[in-house]
A.B. asks: 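Mind having a look at this structure? Questions to follow.
We're numbering straight along the sequence, starting at 1.
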Amino acid sequence: MKPSISIVVAIYNRKDELFELLNSLTQQTDKEFEIIIVDDGSLIDLKPTIQNFDEMLDIKYFKKDNSGPGLTRNYGAKRAANEWLVFVDSDVIVEKDYIENIKKDIQTIPCDAFGGADKAHKGFNLMQKAISYSMTSVFTTGGIRGSKKAVSKFQPRSFNMGVKKSVFEKVGGFSEMRIGEDPDLSMTLWENGFTTAFFDDIAVYHKRRVDFGKFSKQVYQFGCARPILNQRHPNYVKISFAFPTLFMLGYIMGFIEYFLLGRGIILAFYGLYTFLVLFHALLLTKNISIAGMAVISTYIQMFSYGYGFLKSWILLNVFKMKPEEAFPHHYYKK
């Protein structure tokens, strides 16, 4: 018997993105699934968009006061009727065999939760493709996010994440964190003896941020969240989490070395790194404009995440502040 699927979408505004997501779900080869859409206090009316698909999809729509993505997903999960919850962000597009592959993988790869990769669609603009590169590249933190070699310890992300509903309820769903709530859930699952898996054939097309300013703010928040996660789950701390901060500090040291000692040894390594990123991005995208912007987005990612990580680490470990005091906007009330 095939597993039953409930797709849960937490959304705030993003009307156009929702249309594209739902449109991609109408094209599924396996049409046996339900969709739970939870409007997290949007300032625009999403009903007309959803009504376009009422006759093509099994959709349940709910609207609630704004409270953040984690609580909104929990709200949707409680109203889901099926065995497995599949969380996707509203700004993704799925392939036509997405549901079919999920059901096949669940039956062949034993797990309590799973996740998949994200990539750039050919229809995305150049900046979106550049940002997608920097978030998934082997030359950035994207290279340690998960692969087939890390099936048992893959941390599913909420833009493409599945959890058995009974397991989700047992651990209490997503926590009070606004940022980093998805790796927090993954590690909570591990601590309770549950397993996660990486499904390599369910990648989604993820739009992410559409300009460098928003992207910088987003990865800065990710950086701030990581030391909080390290406190919550000390058994899963990795030295690689500090890599962007070391990268940022090394770059600063390179300029100090150059101006004080007249040497550019450290900066030479960054020059080599820049060339490797440019060459690798060009090799993958076959577009020099995307490759050039990928260099910029990579440095933005490393510096913004690195600064956020360093700031958070100092506040939590040097000044001994509680996470809720240091970053009140990173939390919501259940």
A.B. asks: Does Met56 CE have over 12 foreign heavy atoms under 6.0 Å away?
C.D. replies: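 Yes, the 6.0 Å shell around CE holds more than 12 heavy atoms from other groups.
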A.B. asks: Check salt bridge (charged side-chain N to carboxylate O under 4.0 Å, His left out) between Arg263 and all other residues, then give those that pass, not counting sequence neighbours.
C.D. replies: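 Checked Arg263 against salt bridge (charged side-chain N to carboxylate O under 4.0 Å, His left out); matches are Glu257.
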A.B. asks: Do any pairs count as a salt bridge (Lys or Arg N to Asp or Glu O under 4.0 Å) and have a residue in residues 20-29, sequence neighbours left out, and if so which ones?
C.D. replies: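 Non-adjacent pairs meeting salt bridge (Lys or Arg N to Asp or Glu O under 4.0 Å): Glu20-Lys207.
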A.B. asks: Kindly give the heavy-atom pair with the smallest separation between Phe124 and Lys129, and that separation in Å.
C.D. replies: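 Between these two residues, the closest heavy atoms are O-CE, 3.2 Å.
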A.B. asks: Could you list the residues that satisfy ring-ring contact (aromatic ring centres under 6.0 Å, His included) with Tyr98, not counting sequence neighbours?
C.D. replies: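 Testing Tyr98 for ring-ring contact (aromatic ring centres under 6.0 Å, His included), a comparison that skips the adjacent residues, returns none.
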A.B. asks: Do any pairs count as a ring pair (Phe, Tyr, Trp, His ring centres under 6.0 Å) and have a residue in residues 3-53, sequence neighbours left out, and if so which ones?
C.D. replies: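 The answer is Phe19-Phe53.
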A.B. asks: Can you name the closest pair of heavy atoms from Ala294 and Tyr133 and give their distance?
C.D. replies: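 Reported closest heavy-atom pair: CB-CD2, 3.6 Å.
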A.B. asks: Below 4.5 Å, heavy atoms only, C-beta onward: do His280 and Leu284 meet side chain to side chain?
C.D. replies: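 In contact.
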A.B. asks: Tell me whether Arg226 forms a cation-pi arrangement with Phe241, defined as NZ or CZ under 6.0 Å from the six-membered ring centre and within 45 degrees of its axis.
C.D. replies: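 Yes, Arg226 and Phe241 form such a contact.
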A.B. asks: If we check side-chain contact (heavy atoms from CB on, under 4.5 Å) with Gln301, which of these qualifies: Pro244, Ser216, Ser134?
C.D. replies: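 Passing option: Ser134.
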A.B. asks: Side-chain contact, heavy-atom cut-off 4.5 Å: Cys224 with Ile179?
C.D. replies: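 They are not in side-chain contact.
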A.B. asks: Kindly check if the number of other-residue, nucleotide or ligand heavy atoms within 6.0 Å of CG (Leu261) is above 12?
C.D. replies: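 Atom CG in Leu261 is packed in, count exceeds 12.
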A.B. asks: Looking at Pro69 and Glu181, what are the two nearest heavy atoms and their distance?
C.D. replies: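 Reported closest heavy-atom pair: CG-OE2, 4.1 Å.
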A.B. asks: Check Ala77 against Leu85 and note the closest heavy-atom contact, atom names and distance.
C.D. replies: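 Taking every non-hydrogen atom into account, CB-CD1, 3.6 Å.
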A.B. asks: Listed by chain and number, what are the ring-ring contact (aromatic ring centres under 6.0 Å, His included) partners of Tyr305, not counting sequence neighbours?
C.D. replies: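 Checked Tyr305 against ring-ring contact (aromatic ring centres under 6.0 Å, His included); zero matches.
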A.B. asks: Compare every heavy atom of Asn101 with every heavy atom of Ile202, then report the nearest pair and how far apart it is.
C.D. replies: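 Scanning both residues, the minimum pair turns out to be CG2-CB, 3.9 Å.
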A.B. asks: In chain order, what residues pass the salt bridge (charged side-chain N to carboxylate O under 4.0 Å, His left out) check against Lys104, with sequence neighbours excluded?
C.D. replies: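 Partners of Lys104 by the salt bridge (charged side-chain N to carboxylate O under 4.0 Å, His left out) criterion, ordered by chain and then number, come out as Asp201.
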A.B. asks: Return the set of residues passing ring-ring contact (aromatic ring centres under 6.0 Å, His included) with Phe243 (not counting sequence neighbours), or none when no residue passes.
C.D. replies: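 Scan of Phe243 (ring-ring contact (aromatic ring centres under 6.0 Å, His included), adjacent residues dropped) gives none.
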A.B. asks: Just wondering, are more than 12 heavy atoms of other shown residues or ligands nearer than 6.0 Å to NZ in Lys217?
C.D. replies: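 At most 12 heavy atoms, drawn from other residues, nucleotides or ligands, come within 6.0 Å of this atom.
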A.B. asks: Quick check: are there more than 12 heavy atoms from other residues, nucleotides or ligands sitting under 6.0 Å from NZ of Lys78?
C.D. replies: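 For Lys78, atom NZ is not crowded (no more than 12 foreign heavy atoms under 6.0 Å).
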A.B. asks: Side chains of Asp91 and Phe159: does their closest heavy-atom pair fall under 4.5 Å?
C.D. replies: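 A side-chain contact is absent here, since even the closest heavy-atom pair is not under 4.5 Å.
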A.B. asks: Both conditions, 6.0 Å and 45 degrees, for the charged tip of Arg79 above the ring of Tyr75: are they met here?
C.D. replies: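 Yes, Arg79 and Tyr75 form such a contact.
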A.B. asks: Counting C-beta onward and ignoring hydrogens, is there a side-chain heavy-atom pair between Phe62 and Ile36 closer than 4.5 Å?
C.D. replies: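 They are in side-chain contact.
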A.B. asks: Quick one: does His121's side chain get under 4.5 Å of Gln128's, heavy atoms only?
C.D. replies: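 Sidechains of Gln128 and His121: no contact.
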A.B. asks: Holding to salt bridge (charged side-chain N to carboxylate O under 4.0 Å, His left out), I want the full list of residues that pass it with Glu34, two or more places apart in sequence or in another chain.
C.D. replies: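 With neighbours one apart ignored, the set is Lys60.
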A.B. asks: For residues 265-279, tabulate all N or O donor-acceptor pairs below 3.5 Å that involve a side-chain atom, not counting sequence neighbours.
C.D. replies:
unit_1 : atom_1 : unit_2 : atom_2 : d
Tyr270 : OH     : Phe247 : O      : 2.6
Tyr270 : OH     : Tyr251 : N      : 2.9
Tyr273 : OH     : Phe139 : O      : 2.6
Thr274 : OG1    : Tyr270 : O      : 2.8
Thr274 : OG1    : Tyr299 : OH     : 2.6

A.B. asks: For the atom pair CG (Leu126) and CD1 (Ile288), what is the distance rounded to the nearest 0.5 Å?
C.D. replies: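 Interatomic distance, Leu126 CG to Ile288 CD1, rounded to 0.5 Å: 12.0 Å.
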A.B. asks: If you count the non-hydrogen atoms of other residues, nucleotides and ligands that lie under 6.0 Å from OH in Tyr307, is the total more than 12?
C.D. replies: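 Atom OH in Tyr307 is not packed in, count stays at 12 or less.
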A.B. asks: With sequence neighbours left out, write down each residue that passes side-chain hydrogen bond (donor to acceptor under 3.5 Å, both in side chains) with Asn287, or none if nothing qualifies.
C.D. replies: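 Testing Asn287 for side-chain hydrogen bond (donor to acceptor under 3.5 Å, both in side chains), a comparison that skips the adjacent residues, returns none.
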A.B. asks: Side-chain contact, heavy-atom cut-off 4.5 Å: Met187 with Gln155?
C.D. replies: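 Met187 vs Gln155: side chains touch.
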A.B. asks: Here's a test for you: under side-chain hydrogen bond (donor to acceptor under 3.5 Å, both in side chains), which of Thr195, Thr196, Asp112 qualifies with Trp190?
C.D. replies: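 Going through the options one by one, the only one that passes is Thr196.
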A.B. asks: Quick check on Lys15: does its NZ atom have over 12 non-hydrogen neighbours (other residues, nucleotides or ligands) under 6.0 Å away?
C.D. replies: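 Counting neighbours around NZ of Lys15, 12 or fewer heavy atoms of other residues, nucleotides or ligands fall under 6.0 Å, so no.
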A.B. asks: Please step through side chain to side chain donor-acceptor pair (under 3.5 Å) for the pair Ser158 and Arg73, ending with a clear verdict.
C.D. replies: CA-CA 9 Å; Ser158 55; Arg73 296 189 195 103; 3.1 Å; yes
A.B. asks: Passes ring pair (Phe, Tyr, Trp, His ring centres under 6.0 Å), Phe114 versus Trp84? Steps please.
C.D. replies: CA-CA 10 Å; Phe114 62 85; Trp84 284 84; 5.7 Å; yes
A.B. asks: Under 4.5 Å between any side-chain heavy atoms of Ile228 and Met177, yes or no?
C.D. replies: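 SC-SC contact between Ile228 and Met177 confirmed.
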A.B. asks: Please output the side-chain donor-acceptor pairs of residues 38-48 that fall under 3.5 Å, not counting sequence neighbours, one pair per line with the distance.
C.D. replies:
unit_1 : atom_1 : unit_2 : atom_2 : d
Asp39  : OD1    : Gly41  : N      : 3.3
Asp39  : OD1    : Ser42  : N      : 2.7
Asp39  : OD1    : Ser42  : OG     : 2.6
Asp39  : OD2    : Tyr61  : OH     : 3.0
Asp40  : OD1    : Lys64  : NZ     : 3.0
Asp40  : OD1    : Ser67  : N      : 2.9
Asp40  : OD1    : Thr72  : OG1    : 3.1
Asp40  : OD2    : Asn66  : ND2    : 3.2
Asp40  : OD2    : Gly68  : N      : 3.1
Asp40  : OD2    : Thr72  : OG1    : 3.4
Ser42  : OG     : Asn13  : N      : 2.7
Asp45  : OD1    : Lys47  : N      : 3.0

A.B. asks: May I ask you to check whether over 12 heavy atoms, not counting those of Gln51, lie within 6.0 Å of atom CD?
C.D. replies: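 More than 12 within 6.0 Å, yes.
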A.B. asks: In chain order, what residues pass the salt bridge (charged side-chain N to carboxylate O under 4.0 Å, His left out) check against Asp58, with sequence neighbours excluded?
C.D. replies: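 Partners of Asp58 under the salt bridge (charged side-chain N to carboxylate O under 4.0 Å, His left out) test: none.
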A.B. asks: Start with the C-alpha distance between Ser175 and Asp184, add both sets of side-chain angles, then the distance that settles side chain to side chain donor-acceptor pair (under 3.5 Å), and finish with yes or no.
C.D. replies: CA-CA 7 Å; Ser175 72; Asp184 180 65; 2.8 Å; yes
A.B. asks: Determine whether Asp182 and Pro156 make a side-chain contact, defined as any pair of heavy atoms from C-beta on separated by less than 4.5 Å.
C.D. replies: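 They are not in contact (no side-chain heavy atoms under 4.5 Å apart), so the answer is no.
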A.B. asks: Does a sphere of radius 6.0 Å around CG in Asp54 hold more than 12 heavy atoms from other residues, nucleotides or ligands, not counting ones at 6.0 Å or beyond?
C.D. replies: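 Buried by this count: over 12 neighbours within 6.0 Å.
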